[in-house]
Amino acid sequence: MTLQATNKGAAIELREVRKTYIMGSQEVHALAGVTMTFGIGEYWAIMGASGSGKSTMLNLLGCLDRPTSGNYRLYREDVGSLDDNRLSDLRLRYLGFVFQSFNLIPQLTVRENIELPLFYLGWDALHSAERAAELAEQVGLGDRLGHRPAELSGGQQQRVAVARALANDPKIILADEPTGNLDSSTSAQIMDLLQTLNEQGKTIVMVTHESDIAARAGRRLHMRDGLIDRME
Amino acid sequence: MIVARTILNIRLGLKTLMLHKLRSMLTMLGVVFGVGSVVAMLAVGEGASMQALEQIRSLGSHNIIIDSIKPIDDEQSGDSGARMSVYGITYNDQMRIAESFGDVRRIVPVKVLRQEGRLAGRALDLRVVGTTHEWFELVQRPLLAGRVLVGEDLHRGGNPVVLTEFGARRLLAASNVIGQSLRIGAYVYEVVGIVESEEGVAGGQTPDQQIDAYIPIQVARQRYGDISVRRQAGSQEIEQVDLHQLIVEVDELEHVERTAAGIAAMFERFHGRPDYAIRVPLALLRQAEATKRTFNIVLGSIAGISLLVGGIGIMNIMLASVTERTREIGVRRAIGAKRRQITGQFLIETMVLSGLGGAVGIGFGVSIPALITMIADMPTVITGWSIFLSVGISLSVGIVFGLYPAVRAANLDPIVALRHE
Ligand SMILES: Nc1ncnc2c1ncn2[C@@H]1O[C@H](COP(=O)(O)OP(=O)(O)OP(=O)(O)O)[C@@H](O)[C@H]1O
Ligand SMILES: [Mg+2]
């Protein structure tokens, strides 16, 4: 397997990363030794059958989990040795998440949802509100700042989620089936959004089942049984 | 920054609680009753001890007060027009107390007379007290004009009278009355001073109603004797009472109750019937403390149980809330919230809940004593520190019972939380 070396350097480096779940007497190798580099500014789609380890991989990349063994470097920092607080900090400063089911907080307004990362970054109310308005504008929801998630369509909710993922100006955006709950036209809107972000220099790693969605990404990674099957 | 974040957390807490208004209100009930009981309890206890202290201050903590009381069986004795009843404290009692108790510093006798008084042509039925100058030392009555009785009055042979403010008003006398002659019964006195009247009549030193004037007791005995005659609708009522009251001052506070017991035993032996009553102001304090204790136990139990039940209710609701909002917790963690920030968020939410309950409880706790005062005529005092304490208690309930759900929320695995339906 060849390491992907781009002229811009590596955002994420995985070396022999394994994730093993123990279910009773049985060991499930969700990741069975993955070595892989995601370069800065690249746009990857991860594909593969159900249960092949895509989400497990994304959770690891997102510092939501630690590998059972192997080595994971995020911008040269060895993630495996960090405690929960430092992992939280990495997520807060480097990463933005977009989920299949949007995961907006229902009792908060659009503005407050977008402000959430800024809240944990310790921004003051005034600047947070400004930034949230800016981001809402950017995803085409500048007029919905006071709405609650329940008052928005799925596509709109996902755009809010993208805006929230962008609030902390992350280096990497991680998306697990971001269009999984959307129809094709709203999916296209989200994909346009992600493409724009990639063009602006964000590294994007996206899990998807659909090949036409995957086709929008610059690179594709196929997984099978916790291993990398092939890359294109 | 932390302050701003806390304010945001409080606002978020309020928002979440407003989402389930009824549920939140029901959850608060336990804390409401608990805190209400605490405030009420302290108000009643405080009122009782304040009343007791007030009485002790006016009656004197070192004093034992003995009153003459007309026994009930005397009322129906004799079927003819004239009735004669002999009762109450005797001069012998006074002597015996003075001789028997080493702890007694002084004894002040009080003799009450009803005589016609005349001042500048105005005639009135007066209530006159015969006593010694020491009465004015034991019983603090601010002087309004002139002087009170002094030791020399006994020997000088002059016939001084001290008016009370009340008496002076009834006689329409101004302060220039000093030096004028007041006729009491058949005898003439010189007005030497005016003192303030006793405030609350109930439980005061002087028996019955307001007193108009004070004269030296020797003069009273010599001039009017110990027998009084009262004419009532055709019949005559004749009474012989030596003294109407004795104020016994004890040297040390620790000796008061011992001496009071001794005096009670002595009266029991020599009187053989209840024609006297002994009051010990110091005992009022004990009584107030007992009342306070009873209230503390009753309301304290209610408060304790309510707070416990309320706390468990809050914990229950918060656990449900954590479960309901598992996804939210997962999202916050994915975004970068640290464990302690999640703990803080839920803890603050619980404290908002219990704090609101506490606020409503304080409202209740302030109105219950008002009701008690109105219905049971018991004094109550709401002190600032009892409010402080209640705020402290309600927030503590929030912390104690909110900590477990909050920690549980913070310890959720973010991946599992995000997958939660
Ligand atoms: N918490 C867990 N405990 C035990 N096994 C797990 C756990 N999470 C994942 N697995 C197992 O790891 C393997 C990979 O799961 P993963 O969720 O990564 O698959 P996926 O590729 O995302 O599938 P899908 O396309 O259905 O989302 C599966 O066999 C799954 O059962
Ligand atoms: Mg998956």
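Chain A is the first sequence line, chain B the second, and so forth, proteins listed ahead of strands; every chain is numbered from 1.
- Relative orientation of the A/F97 and A/F99 rings is parallel, given thresholds of 30° and 60° on the angle between their planes.
- Proximity to chain B (any heavy atom under 4.5 Å) is restricted, for A/I105, to the side chain, taken from C-beta onward.
- Using modelled atom types, one finds a donor on one side chain and an acceptor on the other under 3.5 Å when comparing A/D183 with A/T186.
- Using a 4.0 Å cut-off between charged nitrogen and carboxylate oxygen, A/D89 and B/K338 count as a salt-bridge pair.
- In this pair, A/F38 and A/W44 present their aromatic rings perpendicular. The plane angle is above 60°, beyond the 30 to 60° band.
- Within residues 315-335 of chain B, the residues having any heavy atom less than 4.5 Å from a heavy atom of chain A are, in residue-number order, B/R325, B/R327, B/E328, B/V331, B/R332, B/R333, B/A334, B/I335.
- Residues B/T343 and B/R340 bring no donor and acceptor atom of their side chains to less than 3.5 Å of each other.
- Between the side chain of A/K19 and the main chain of A/G226, no donor-acceptor pair closer than 3.5 Å is present.
- With 3.5 Å as the limit, one finds a donor-acceptor pair spanning the side chains of B/T373 and B/T380.
- Near-neighbour residues of residues 146-172 of chain A relative to chain B, defined by a heavy atom under 4.5 Å from a heavy atom of that chain, comprise A/R148, A/R164.
- Put simply, the side chain of A/D176 never gets that close to the backbone of A/S55: no donor and acceptor are under 3.5 Å apart.
- In plain terms, the two heavy atoms of A/L95 and A/G62 that are nearest each other are CD1-O, 3.4 Å.
- Taking 4.0 Å as the cut-off between side-chain N and carboxylate O, A/R111 and A/E115 count as a salt-bridged pair.
- Contacts with chain B were tallied for A/A125, A/S101, A/G96; A/S101 has the most, counting heavy-atom pairs under 4.5 Å.
- For A/E112, the part lying near chain B is the side chain, with the backbone staying farther off; criterion is any non-hydrogen pair under 4.5 Å.
- No hydrogens or angles considered: a donor-acceptor pair under 3.5 Å links the side chains of A/N181 and A/Q100.
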